[in-house]
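A short write-up of the structure that comes next.
What you see below is based on every heavy atom in this structure, not just the backbone, and it leaves out hydrogens, waters and symmetry mates.
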Amino acid sequence: MGPQIQPFLLEVPEAALSDLRRRLLQTRWPEPETVSDWSQGVPLAYLRDLCGYWADGYDWRPAEARLNALPQFQTEIDGIRIVFAHVRSRRPDALPLILTHGWPGSVVEFLKVIGPLADPDDGDDAFHVVCPSLPGYGFSGRPGQAGWGVERIARAWAELMARLGYSRYGAAGSDWGTTISTLLGQQDRAHVAGVHLIPPLAGPDPATFEDLTDAERAAMESLQHAAEWDSGYSREHATRPQTVGYGLVDSPAFLAAWIVEKFWSWTDHDGPLDAVLSRDDLLDNLMLYWLPGTGASAARLYWESIRKVNEWIAGPADATVDVPVGCSVFPRELQRPSRRWAEKRFTDIRYWGEPGRGGHFAASEQPELFAGELRSFFRLVRLAA
């Protein structure tokens, strides 16, 4: 590692935690919802309980210690500081892997899988794991000018892997990480061994509409439901990220409601969210938005790039990806394309997995299944090296 890359240590001052507690205790609450479910948003009783725990029960320091236990670094690429974990495996056959999160996730989303991926049980495949925070997210720098969309982030990731000395590597991710990994496969084909997409972004193929499978029909209905009932946050991010950013940066209760609603909606559970994600899991992730004040800058990535993503989800497959691709479609994922839809865009699908459990945050919800999916695909890529 050259002089461009420096160590990074997370040290949150106690005053920041005291300020958070004060703000939580001074929250001005609205009246309760007029329904008995989550159809109007996060129920008042749930959010008051979560924020009460955030103020008087939650301890940030263990999460800070877990992050600092990873080798963390920082480097400036294209004028932006990128903070990343770089966990090298002890195994000589490890494959370098850049693992990318999205919104409303963070590097915390991958804490349950980084260790097992880098140092697995005997017989399992190993990775040198590189896990960066997106520009405008976590403790990476916040862009001060327009133009930091997904294409530019992908170029920055290629530069990061080159700086780390990796001439051949894999890429994987979910949410924004799916798009950025796809773009890496297009932009850096000479060095990308393969990309694992969770899930692949591919729209319904009109040529199949006369003989849809039950799963394809359900996937289309899910997309229609999401467009009508679950996309308000995305429209606000895409059109007025600065406006919503004032609330996200100033009010921890608003930040919690804005983000936890998506964890409740997008995870694989039958009622209580804590069946798959604890309150500490949720708050550890929230802290990577609250502490650095990245509500507006994180939302701004939608203003930059969500139109491209929507084209990939619902539009024609006119920009193919030709590197080896692995795909995992978890059952409670937002987009669940069929393999024949995905093959229109991804011309070399080597692995297709449909695990029995898990949703949009599969690395946190089902870490063993998530790690197993990555190993299953990249094992095929290793053999082809």
Side-chain angles (χ1 to χ4, degrees), residues 20 23-24 27-31 33 38-44 47 51 79-80 100-106 109 133-154 156 174-180 183 201 223-266 282 285-315 334-335 360-361:
L20 168 61
R23 290 170 182 265
L24 286 165
T27 300
R28 185 183 184 192
W29 297 101
E31 70 281 356
E33 61 284 355
W38 286 62
S39 61
Q40 293 182 353
V42 183
L44 176 64
L47 193 64
C51 288
I80 289 289
T100 308
H101 69 86
W103 187 94
S106 68
E109 193 175 342
S133 289
L134 293 168
Y137 288 68
F139 290 90
S140 285
R142 286 171 280 186
Q145 297 177 337
W148 268 99
V150 288
E151 295 93 341
R152 194 168 178 180
I153 295 172
S174 58
D175 198 89
W176 286 120
T178 295
T179 304
I180 292 162
L183 288 166
L201 297 184
L223 288 174
Q224 293 168 356
H225 177 85
E228 182 174 1
W229 292 103
D230 208 21
S231 62
Y233 81 96
S234 180
R235 293 299 300 155
E236 185 69 17
H237 286 192
T239 58
R240 299 294 185 270
Q242 189 70 18
T243 299
V244 74
Y246 296 113
L248 294 170
V249 171
D250 185 64
S251 169
F254 180 57
L255 177 71
W258 196 252
I259 286 181
V260 170
E261 176 195 293
K262 300 311 171 192
F263 275 84
W264 189 89
S265 297
W266 298 347
L282 296 174
N285 181 69
L286 279 175
M287 291 294 270
L288 263 70
Y289 288 86
W290 176 258
L291 291 171
T294 54
S297 58
R300 202 169 288 123
L301 184 52
Y302 284 73
W303 186 89
E304 295 279 1
S305 293
I306 195 61
R307 291 161 186 82
K308 171 178 281 293
V309 173
N310 287 339
E311 288 174 5
W312 284 11
I313 292 172
L334 300 174
Q335 289 83 37
H360 190 64
F361 308 97

Counting distance only, does the side-chain N/O of [X] pair as donor-acceptor with the main-chain N or O of [Y] below 3.5 Å?
X: Ser106; Y: Leu288; value: no
X: Arg142; Y: Thr294; value: no
X: Ser265; Y: Glu261; value: yes
X: Tyr137; Y: Ala298; value: yes

With the side chain counted from C-beta on, respond yes when [X] and [Y] share a heavy-atom pair under 4.5 Å apart, and no when they do not.
X: Asp230; Y: Lys262; answer: yes
X: Gln242; Y: Arg300; answer: yes
X: Asn285; Y: Phe361; answer: no
X: Met287; Y: Leu20; answer: yes

Trp229 atom CH2, over 12 foreign heavy atoms within 6.0 Å: no

If you count every heavy atom of other residues, nucleotides or ligands that lies below 6.0 Å from Trp264 atom CH2, does the total exceed 12? yes

His360 and Asp175: side chain donor to acceptor below 3.5 Å: yes

Looking only at heavy atoms, which two atoms of [X] and [Y] are closest? And how far apart?
X: Ile306; Y: Ser234; result: CG1-OG, 3.7 Å
X: Pro143; Y: Trp148; result: CB-CD1, 3.5 Å
X: Trp266; Y: Pro104; result: CZ3-CD, 3.8 Å
X: Val244; Y: Ala299; result: CG1-CB, 4.5 Å
X: Ala253; Y: Leu47; result: O-CD2, 3.8 Å
X: Ser140; Y: Pro135; result: CB-CA, 4.3 Å

If you round to the nearest 0.5 Å, how far is [atom2] of [Y] from [atom1] of [X]?
X: Asn310; Y: Leu223; atom1: CG; atom2: CG; answer: 10.0 Å
X: His237; Y: Thr239; atom1: NE2; atom2: OG1; answer: 9.5 Å
X: Asp250; Y: Trp290; atom1: CG; atom2: CH2; answer: 6.0 Å
X: Leu301; Y: Ile180; atom1: CG; atom2: CD1; answer: 6.5 Å
X: Leu248; Y: Ile259; atom1: CG; atom2: CD1; answer: 7.0 Å
X: Leu24; Y: Leu255; atom1: CG; atom2: CG; answer: 10.0 Å

Take Leu286 and Val260 through the side chain to side chain contact (heavy atoms under 4.5 Å, CB included) test and state the conclusion after the steps. CA-CA 9 Å; Leu286 279 175; Val260 170; 4.2 Å; yes

Would you please test Thr27 and Cys51 for side chain to side chain contact (heavy atoms under 4.5 Å, CB included) and show each step? CA-CA 9 Å; Thr27 300; Cys51 288; 5.7 Å; no

Would Glu236 and Thr243 count as a side chain to side chain contact (heavy atoms under 4.5 Å, CB included) here? Give the steps. CA-CA 8 Å; Glu236 185 69 17; Thr243 299; 4.1 Å; yes

Evaluate Arg152 against Glu304 for salt bridge (charged side-chain N to carboxylate O under 4.0 Å, His left out), listing each step before the verdict. CA-CA 11 Å; Arg152 194 168 178 180; Glu304 295 279 1; over 6 Å; no

ring-ring contact (aromatic ring centres under 6.0 Å, His included) partner of Trp103, the single match among Trp176, Tyr233, Phe263: Tyr233

